[in-house]
Amino acid sequence: MKKLLITAIAMMASLNINAQIEEGNWYFTPKLGVGLVDLSGKLYDPSKEEGTYDPTLRSYVSFTGGVEFEYAMLDQLGLSVGLNYARQGSKTSEDVFKVTMDYANIPVTFNFYPIPNVGLAIKAGVQVGFAARKKMKIDGVEYNADFDRKILVNRWGRAVPVLVENEYSRQFNKTDFSIPLAISFDYKRIFVEARYNLGLTNVMKDDPEKSKHRVWQFTLGYKIPLGD
């Protein structure tokens, strides 16, 4: 494994890629990909007898996509801000329980390019996410964990449809903080990245397991310089 890693780095260093960022420049990268999403901890269900089901939470594949703006502070150090959509959550075996949450995420990372004139970057930073939609499936029954549509009568006696947050939604935290760690490589503006988001926020407010998001993301994009 060590020899393979050294060989791969040597091959990248030998390429005339011209993908190194240049100090003072801005770069725009739209990207799409997939996520391998999971939650830490286990599922506790007091209605189930011990041994009647497997409470272990498992990962599943989801979709992610977004954009990233990067400013080259130095030739080998950049600062990027992104905006992306990501579906996150987890499930148990045979989908006895499944939770899916859509997030609008804003990651901010420092990007270090260790090898001059090669598009390899190592990234770390912080991310804040805002939950946009939440759904749960329990024993095959799907529950909306967002808003219920209700009809209210205004003071003029007219029926007005409104959205009211339901009891399931109130059990979830609306904001999620995490630490993104990533490695990326771009060749002739083609951009590939592997990223791991380590969740810091409990997904649900009253969860004895204090489950947090654990998200792998693999994306493909196109890196566009915005000026000289």
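FYI, the numbering just counts along the sequence from 1. In what follows, every heavy atom counts, from backbone to side chain, and hydrogens, waters and symmetry copies are set aside.
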Query raised in the report: Measuring from Leu39:CG to Ser90:OG, what's the distance to the nearest 0.5 Å?
Result: 4.5 Å

Report summary line: Nearest heavy-atom contact between Tyr222 and Lys188 is CE1-O, 4.3 Å

Query - side-chain contact (heavy atoms from CB on, under 4.5 Å) partners of Tyr71, counting only residues at least two apart - result: Trp26, Met73

Requested in this report: List for me each residue that meets side-chain contact (heavy atoms from CB on, under 4.5 Å) alongside Val81, sequence neighbours excluded, and say none if there are none.
Outcome: Ile106, Val108

Query raised in the report: Should Val118 and Phe185 count as side-chain neighbours, where that means a heavy-atom distance under 4.5 Å?
Result: yes

Query raised in the report: Mind checking whether Val67 and Tyr85 sit in one hydrophobic cluster, side chains of I, L, V, M, F, W, Y counted as touching below 4.5 Å?
Result: no

Report task. Measure the CG-CZ distance between Asp186 and Phe191 for me, rounded to the nearest 0.5 Å. Result -> 7.0 Å

Query raised in the report: Side chains of Pro180 and Tyr196: does their closest heavy-atom pair fall under 4.5 Å?
Result: no

**Report entry** Lys210: partners by side chain to side chain donor-acceptor pair (under 3.5 Å), with sequence neighbours left out
**Finding:** none

Requested in this report: Quick one: list whatever passes salt bridge (charged side-chain N to carboxylate O under 4.0 Å, His left out) with Lys135, sequence neighbours left out.
Outcome: Glu142

Query raised in the report: Do the side chains of Arg189 and Pro225 get nearer than 4.5 Å, heavy atoms only?
Result: yes

Query raised in the report: Is Ile224 reachable from Leu83 through a run of hydrophobic residues whose side-chain heavy atoms are each under 4.5 Å from the next?
Result: yes

Requested in this report: Calculate, to the nearest 0.5 Å, the distance between atoms CG and CG belonging to Asn173 and Asn202 respectively.
Outcome: 6.5 Å

Report summary line: Residues passing the side chain to side chain donor-acceptor pair (under 3.5 Å) test with Ser62, sequence neighbours excluded, are none

Query - Within 6.0 Å of CZ in Phe130, more than 12 heavy atoms from elsewhere - result: yes

**Report entry** Listed partners of Phe69 passing ring-ring contact (aromatic ring centres under 6.0 Å, His included), at least two apart
**Finding:** Phe28

Requested in this report: For Glu70, enumerate each residue passing the side chain to side chain donor-acceptor pair (under 3.5 Å) test, keeping only those at least two apart in sequence or located in another chain.
Outcome: Asn111, Tyr113, Lys223

Query - Interatomic spacing from CD1 in Ile122 to OG in Ser184 - rounded to 0.5 Å - result: 9.5 Å

Requested in this report: Please name all residues satisfying salt bridge (charged side-chain N to carboxylate O under 4.0 Å, His left out) with Asp102, sequence neighbours left out, ordered by chain then number.
Outcome: Arg87, Arg133

Query - Inter-residue atom distance Leu79.CG - Phe110.CZ, 0.5 Å rounding - result: 5.0 Å

Report summary line: By ring-ring contact (aromatic ring centres under 6.0 Å, His included), Phe177 pairs with (sequence neighbours left out) none

Report task. Please name all residues satisfying salt bridge (charged side-chain N to carboxylate O under 4.0 Å, His left out) with Lys123, sequence neighbours left out, ordered by chain then number. Result -> Glu68, Glu193

Requested in this report: Any chance you could measure Ser178, atom OG, to Leu198, atom CG, to the nearest 0.5 Å?
Outcome: 7.5 Å

Query raised in the report: Among Met204, Lys137, Met136, which one satisfies side-chain contact (heavy atoms from CB on, under 4.5 Å) with Val99?
Result: Met136

Report task. Given side chain to side chain contact (heavy atoms under 4.5 Å, CB included), test Leu120 with Ile183 step by step and report yes or no. Result -> CA-CA 7 Å; Leu120 176 69; Ile183 183 169; 3.8 Å; yes

Query raised in the report: Which atom pair, heavy atoms only, marks the closest approach of Ala131 to Tyr103?
Result: N-CD2, 3.6 Å

Query raised in the report: Can you find a heavy atom in the side chain of Tyr27 that is under 4.5 Å from one in the side chain of Glu22?
Result: yes

Query raised in the report: So do Lys212 and Thr201 actually touch side chain to side chain, heavy atoms under 4.5 Å?
Result: no

Query raised in the report: Are side-chain heavy atoms of His213 and Gln88 found at a separation under 4.5 Å?
Result: yes

Query raised in the report: Do Thr64 and Asn84 come within less than 4.5 Å of each other through their side chains, counting heavy atoms only?
Result: yes

Report task. I would like to know whether Thr92 and Leu57 meet side chain to side chain contact (heavy atoms under 4.5 Å, CB included); could you show each step before the answer? Result -> CA-CA 5 Å; Thr92 58; Leu57 293 170; 4.0 Å; yes

Report summary line: Apart from Tyr60 itself, members of its ILVMFWY cluster (side-chain separation under 4.5 Å) are Val37, Val215

**Report entry** Smallest separation among heavy atoms of Arg195 and Pro107, with atom names
**Finding:** NH1-CB, 3.6 Å

Query raised in the report: Are the side chain of Arg214 and the backbone of Gly199 linked by a donor-acceptor contact shorter than 3.5 Å?
Result: yes

Requested in this report: Report yes if the side chains of Phe63 and Leu32 come closer than 4.5 Å at any heavy-atom pair, otherwise no.
Outcome: yes

Report task. Give the C-alpha distance, both sets of side-chain angles, the deciding distance and a yes or no for side chain to side chain contact (heavy atoms under 4.5 Å, CB included) between Val126 and Thr109. Result -> CA-CA 6 Å; Val126 295; Thr109 62; over 6 Å; no

**Report entry** Pairing residues for Leu181 by the side-chain contact (heavy atoms from CB on, under 4.5 Å) criterion, not counting sequence neighbours
**Finding:** Ala124, Ile179

Report task. Test side chain to side chain contact (heavy atoms under 4.5 Å, CB included) on Gln171 and Lys205 and set out the steps. Result -> CA-CA 6 Å; Gln171 297 177 26; Lys205 297 176 181 178; 5.9 Å; no

